[in-house]
Trainee: 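Before I ask anything, here is the structure I am working with.
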Amino acid sequence: MKLLSKQIVIFIGICIAATTVYAKDVNSLRGSHPIEANSKKPVAKKWHSDQAPIKREFVHQPPLVPHKIEGYVINTNSNKCLSCHSWANYKDKGATKISLTHFTDRDGNDLANVSARRYFCTQCHVPQVDSKPLVKNTFKPVKSIMGK
Ligand code: HEC
Ligand code: HEC
């Protein structure tokens with residue numbers, strides 16, 4: 001019994017020490033700003049204007065969105081992206097049709113319409129701004145896709 005309570009005291013001691021160390025070292029992308037203080041007002045970035053499709057960097061990369069999407073609503077009632085990119089509309093709108101992979105559900109069944117897991121397009125496809133990367137990145141495109 002006595003031994004057990006000693007162990008508990010040591011354990012609590014270690015926890016407190018660990019918390020103190022981490023509290024000092026943790027520095028989020030927001031900076032070492034006190035949580036109660038207001039963060040710096042972010043500078044509004046300018047979206048790139050509409051352009052030709054952007055080169056992909058690796059196989060299976062969700063292509064980047066080469067146009068503005070401000071005001072494009074995606075919710076349970078409507079999906080603005082599909083008004084141009086669906087198989088029914090892509091020809092009229094001159095847009096790329098969503099690929100067949102977007103019709104497969106997580107169990108591998110092929111559906112007649114976009115799978116729920118591919119419904120929220122901006123989960124994977126992102127429009128572009130000129131912005132400094134938040135973290136350093138040394139990624140290089142794979143050879144098999146370079147030049148495409
Ligand atoms: C008004 C029609 C329209 C709407 C709405 C629209 N797009 Fe597009 N999208 C286009 C056109 C046109 C292209 C360019 C096709 C080309 O030049 O080859 C394009 C290109 C793209 C591409 C690049 C495809 C590639 O192969 O590189 C992606 C990704 C994309 N759109 C995603 C989206 C997403 C996500 C939304 C909704 C948030 C959306 N689009 C809404 C018309 C539209
Ligand atoms: C879970 C991630 C994910 C979601 C959600 C998603 N996509 Fe994609 N998309 C991808 C990937 C990965 C590719 C490239 C490989 C492929 O074709 O599957 C792609 C490819 C595309 C392409 C290019 C097709 C081609 O033939 O080159 C278009 C256009 C596109 N997606 C539009 C959309 C639209 C519109 C939505 C929303 C209805 C959407 N995607 C939702 C991951 C996603």
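FYI, the numbering just counts along the sequence from 1. Counting starts at 1 for both ligands and their atoms, following the listed order. Values reported hereafter were calculated over all heavy atoms of this structure, with side chains retained and with hydrogens, waters and symmetry mates removed.
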Trainee: Which residue and non-hydrogen atom of the protein lie closest to atom 22 (C) of ligand 2, and at what distance in Å?
Mentor: P63 CG, 3.8 Å

Trainee: Taking the minimum heavy-atom distance to atom 29 (C) of ligand 2, which of L100, I74, T96 ranks first?
Mentor: T96

Trainee: Within the 4.5 Å heavy-atom criterion, are C81 and I74 side-chain neighbours or not?
Mentor: yes

Trainee: Below 4.0 Å, non-hydrogen atoms only: which portion of H102 touches ligand 2? Side chain, backbone, both or neither.
Mentor: side chain

Trainee: For atom 11 (C) of ligand 2, what is the closest protein heavy atom, and at what distance to 0.1 Å?
Mentor: P62 CA, 3.6 Å

Trainee: Between R56 and ligand 2, find which residue part has any heavy-atom pair under 4.0 Å and reply side chain, backbone, both or neither.
Mentor: side chain

Trainee: Side-chain contact, heavy-atom cut-off 4.5 Å: H48 with D130?
Mentor: yes

Trainee: Starting from atom 12 (C) of ligand 2, which protein heavy atom do you reach first, and at what distance in Å?
Mentor: H60 O, 3.3 Å

Trainee: Does atom CG (N38) have a neighbourhood of more than 12 heavy atoms from anything else shown, all under 6.0 Å?
Mentor: no

Trainee: Using 2.8 Å as a strict upper limit, say whether an N, O or S atom of H67 approaches atom 8 (Fe) of ligand 1 that closely.
Mentor: yes

Trainee: Tell me, which protein residue and heavy-atom name are nearest atom 32 (C) of ligand 2, and how many Å apart are they?
Mentor: I98 CG2, 3.4 Å

Trainee: Out of curiosity, is D50 lining ligand 1, as in a heavy atom under 4.0 Å away?
Mentor: no

Trainee: Answer with yes or no whether the side chains of T104 and D110 bring together a donor and an acceptor at under 3.5 Å.
Mentor: yes

Trainee: Could you tell me whether the side chain of W47 reaches within less than 4.5 Å of the side chain of Q128, counting heavy atoms only?
Mentor: no

Trainee: Going by distance only, is there an N or O of T122 that falls short of 3.5 Å from an N or O of ligand 1?
Mentor: no

Trainee: In terms of residue, atom name and distance, what is the protein heavy atom nearest to atom 24 (C) of ligand 2?
Mentor: K97 O, 3.6 Å

Trainee: Regarding atom 36 (C) of ligand 1: of the candidates P66, C81, P127, G94, which has the closest heavy atom?
Mentor: C81

Trainee: For ligand 1, is A52 a contact, meaning one of its heavy atoms is under 4.0 Å away?
Mentor: no

Trainee: Starting from atom 30 (C) of ligand 1, find the nearest protein heavy-atom neighbour and note its residue, name and distance.
Mentor: H85 NE2, 3.5 Å

Trainee: Around atom 18 (O) of ligand 2, find the nearest protein heavy atom and jot down its residue, atom name and distance.
Mentor: T101 OG1, 2.5 Å

Trainee: May I ask you to identify the nearest protein heavy atom to atom 3 (C) of ligand 2, giving residue, atom name and distance to one decimal place in Å?
Mentor: C124 SG, 2.7 Å

Trainee: Tell me whether T122 contacts the main-chain N or O of H125 through its side chain, where contact means a donor paired with an acceptor under 3.5 Å.
Mentor: no

Trainee: Any side-chain heavy atom of K80 within less than 4.5 Å of one from I69?
Mentor: no

Trainee: Closest to atom 8 (Fe) of ligand 2, which N/O/S atom of H125 is it?
Mentor: NE2

Trainee: Nearest protein heavy atom to atom 42 (C) of ligand 2, by residue and atom, and its distance?
Mentor: R118 NH1, 3.0 Å

Trainee: Is L64 close to P127 at the side-chain level, that is, under 4.5 Å between some pair of heavy atoms?
Mentor: no

Trainee: Look at atom 14 (C) of ligand 1 and say whether a protein heavy atom is found at less than 4.0 angstrom from it.
Mentor: no

Trainee: Are the side chains of Y90 and T96 in touch, meaning some heavy atoms are under 4.5 Å apart?
Mentor: no

Trainee: Pick whichever of C121, S86, P53, S99 has a heavy atom sitting closest to atom 16 (C) of ligand 2.
Mentor: S99

Trainee: So, regarding S83 and ligand 1 (criterion: nitrogen or oxygen to nitrogen or oxygen, under 3.5 Å), is there a contact or not?
Mentor: no

Trainee: Quick one: look up the protein heavy atom nearest atom 1 (C) of ligand 1 and list residue, atom name and how far away it is.
Mentor: C84 SG, 2.8 Å

